[in-house]
Amino acid sequence: MTRLSGPAAHDLPPGTEGLASHLDELMTFLAVARLGRYTAAADALSINHSTVSRRIVGLENALGGRLLSRSPAGWEMTALGQRALSAAERIEEALADLVDDGDGNARISGVVRIGSPDAFAVQVATPALSELQDAHPNLAVELISATQRARQNRSGLDLEIVVGRPQLHRAHAEHIMDYALRLYATDEYLERHGTPHSITDLAGHRLNYYVEAVLTIDDLDRATESLPSMRRGIASTNVLSHVTATAAGAGIGLLPDFLAERDTRLRRILPENYAHELSYWAVGRAEALRNPAVQAAYATLRARGRRLEEEVAEQHDSRPQATPQTLSP
């Protein structure tokens, strides 16, 4: 299985072997450590916030010190908390061994929460994680759609999928896949409005892309820097709306190639002149990344991303482009 980077677990600390008698408190603490929020841990464990708080206090009383400290990124481990986390992970692993059916299903269980841009959620995460659930029926997945920059505070999520390599403290980032934004339109649109033969020919055409005023991701914002001034087509915060608008003839779409290349209604425009290269990265708390279910989710997303990269490369070579020859009567 692909392993994400992250700190190694400490040895079981002396004097904490009896922690197994505080099983509920330990598993609650483990959920808070991984998700960074009491409310998220409560949801994952199907208990209420006050129960989480009471169990953490009980465990701290048993160990004689604070396990968690509040930070802008959510609850973080103290030195004692790091040692207790190691013990909790060892107990979780031992419990999984007890109920293991021989194929590792018990280790890949629980809830994995992933924040993801819309396009990635639809084309990468949903089919990939569906396959993972087929192999591990005790695994539940929650996908929260959002296109935003990587946050310093990502509590409540096991993995956050972001556009562009993030530069963050107290987090780990792993590459998922590369892709490109390219220009697309329908044959009908090009017949009505003309086929651009150069970048400058794009001037005056409508562009379907993000709402500029609310776009917070620099890598996406820079995608239009090399384009001339274009009229606004259908601007949306949802990339799937860009695809739909372009397929409906509302203008030229600036679209992810792994989405548009699958749509037979669309033709690539100026493939030799324009491509804005981007990438997806998975970001997570160190504590979450040691969770076997999160490790499996990342490995599955990475494999799906690699397959999409290969498919897009093949489609680039085989699909027709929008040229005067292909569109002439």
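Just so you know, residue 1 is the first one in the sequence shown, and it goes up from there.
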Leu308 side chain reached by Arg262 side chain, heavy atoms, under 4.5 Å
yes
Under 3.5 Å, side chain of Arg165 to main-chain N/O of Glu174, donor-acceptor pair present?
no
Please say whether more than 12 non-hydrogen atoms of neighbouring residues, nucleotides or ligands are located less than 6.0 Å from CG in Leu240.
yes
Can you tell me how far apart OG1 (Thr300) and CD (Gln133) are? Round to the nearest 0.5 Å.
10.5 Å
Roughly how far, to the nearest 0.5 Å, is the CD1 atom of Ile176 from the CH2 atom of Trp281?
9.5 Å
Find out whether Leu266 and Thr186 are in side-chain contact, i.e. whether some heavy atom of one side chain is under 4.5 Å from a heavy atom of the other.
yes
Looking at Glu287 and Arg34, does any basic side-chain N land under 4.0 Å from a carboxylate oxygen?
no
Sequence neighbours excluded, the answer for side-chain hydrogen bond (donor to acceptor under 3.5 Å, both in side chains) partners of Thr200 is Ser198
Exercise: do Asn238 and Ser236 side chains pair donor with acceptor under 3.5 Å:
no
So which atom in Val283 and which in Ala173 form the shortest heavy-atom distance, rounded to 0.1 Å?
CG2-CB, 4.3 Å
Looking at side-chain heavy atoms only, is the closest gap between Val239 and Pro117 below 4.5 Å?
no
Please report the interatomic distance CG(Leu227) to NE2(His276), rounded to the nearest 0.5 Å.
10.0 Å
Shared ILVMFWY cluster between Leu143 and Phe120, side chains joined below 4.5 angstrom?
yes
Is there a continuous path of hydrophobic side-chain contacts, each under 4.5 Å between heavy atoms, that joins Val57 to Val32?
no
Indicate yes or no for a side-chain donor-acceptor contact from Glu160 to the backbone of Gly284 under 3.5 Å, with no hydrogens or angles considered.
no
Met230 with Tyr210, same ILVMFWY side-chain cluster at under 4.5 Å:
yes
Could you tell me whether Arg307 and Glu310 have a side-chain N and a carboxylate O separated by less than 4.0 Å?
no
Verify, without hydrogens or angle tests, whether Tyr209 (side chain) and Leu220 (backbone) share a donor-acceptor contact under 3.5 angstrom.
yes
For Ala293 and Leu139, work out which heavy atoms get closest and say how close.
CB-CD1, 4.0 Å
Joint hydrophobic cluster, Tyr38 plus Ile47, side-chain heavy atoms closer than 4.5 Å
yes
Any side-chain to backbone donor/acceptor pair from Thr126 onto Ala121? Under 3.5 Å, distance only.
yes
Measure across Glu277 and Ala180 and return the closest heavy-atom pair with its distance rounded to 0.1 Å.
OE1-CB, 3.8 Å
Output for pair (Ser229 OG, Leu202 CG), nearest 0.5 Å, gives 11.0 Å
Evaluate the side-chain proximity of Arg83 to Leu63: yes if any heavy-atom separation is below 4.5 Å, no if none is.
no
Donor-acceptor pair, side chain of Thr78 and main chain of Arg66, under 3.5 angstrom
yes
Would a distance-only check, ignoring hydrogens and angles, find a side-chain to backbone donor-acceptor pair under 3.5 Å from Glu60 to Leu67?
yes
Are the side chain of Arg285 and the backbone of Ala33 linked by a donor-acceptor contact shorter than 3.5 Å?
yes
Pick out which of Leu183, Asn273, Leu190 makes a side-chain contact (heavy atoms from CB on, under 4.5 Å) with Pro196.
Leu190
Using the six-membered ring wherever Trp is involved, compare the ring planes of His205 and Tyr189 and label them parallel, tilted or perpendicular (cut-offs 30° and 60°).
tilted
Taking all atoms of both residues into account, what is the closest heavy-atom pair of Arg182 and Pro271, and its distance?
NH1-O, 4.4 Å
Any Ser116 side-chain heavy atom under 4.5 Å of Ile144 side chain:
no
When clusters are formed by joining ILVMFWY residues with side-chain heavy atoms under 4.5 Å apart, either directly or through shared neighbours, do Leu80 and Leu59 land in the same one?
yes
Do Ile252 and Thr246 have side chains that approach each other closer than 4.5 Å (heavy atoms only, starting at C-beta)?
no
Classify the ring geometry of Tyr179 against Phe258: parallel below 30°, tilted from 30° to 60°, perpendicular beyond 60°.
perpendicular
Nearest 0.5 angstrom please: Asp43 CG to Leu35 CG, how far?
9.0 Å
Mind checking what makes ring-ring contact (aromatic ring centres under 6.0 Å, His included) contact with Phe29, not counting sequence neighbours?
none
Decide side-chain contact (heavy atoms from CB on, under 4.5 Å) for Leu85 and Leu30; before the verdict, give the C-alpha distance in whole Å, the side-chain angles of both, and the deciding distance to 0.1 Å.
CA-CA 6 Å; Leu85 177 64; Leu30 185 59; 3.3 Å; yes
Could you work out, with side-chain hydrogen bond (donor to acceptor under 3.5 Å, both in side chains) as the rule, every residue matching Asp178, not counting sequence neighbours?
His175
Give the minimum heavy-atom separation between Ile108 and Ala296, together with the two atoms involved.
CD1-CB, 3.9 Å
Less than 4.5 Å apart, side chain to side chain, heavy atoms only: is that true for Thr224 and Leu207?
yes
With side-chain contact (heavy atoms from CB on, under 4.5 Å) as the criterion, how do Leu45 and Val111 come out once you've worked through the C-alpha distance, each side chain's angles and the decisive distance to 0.1 Å?
CA-CA 9 Å; Leu45 297 172; Val111 180; over 6 Å; no
Could you give me the CA-CA distance, side-chain angles and deciding distance for Thr28 and Glu25, then say whether side-chain contact (heavy atoms from CB on, under 4.5 Å) is met?
CA-CA 5 Å; Thr28 301; Glu25 290 91 340; 5.7 Å; no
Is the shortest distance from a Lys or Arg side-chain nitrogen in Arg232 or Glu212 to a carboxylate oxygen in the other one below 4.0 Å?
no
Does the distance from a Lys or Arg side-chain N to an Asp or Glu carboxylate O, for Arg267 and Asp187, drop under 4.0 Å?
yes
Would you give the length of the straight line joining atom CD1 of Ile56 to atom CG of Asn61, rounded to the nearest 0.5 angstrom?
11.5 Å
Looking only at heavy atoms, the pair that brings Ala84 and Leu26 closest together is O-CD2, 4.2 Å
Without swapping roles, check the side chain of Arg304 against the backbone of Gln123 for a donor-acceptor pair under 3.5 Å.
yes
Are side-chain heavy atoms of Val112 and Tyr298 found at a separation under 4.5 Å?
no
Between Leu159 and Leu289, does a side-chain contact (heavy atoms from CB on, under 4.5 Å) hold up when you go through it step by step?
CA-CA 8 Å; Leu159 288 177; Leu289 301 183; 3.6 Å; yes
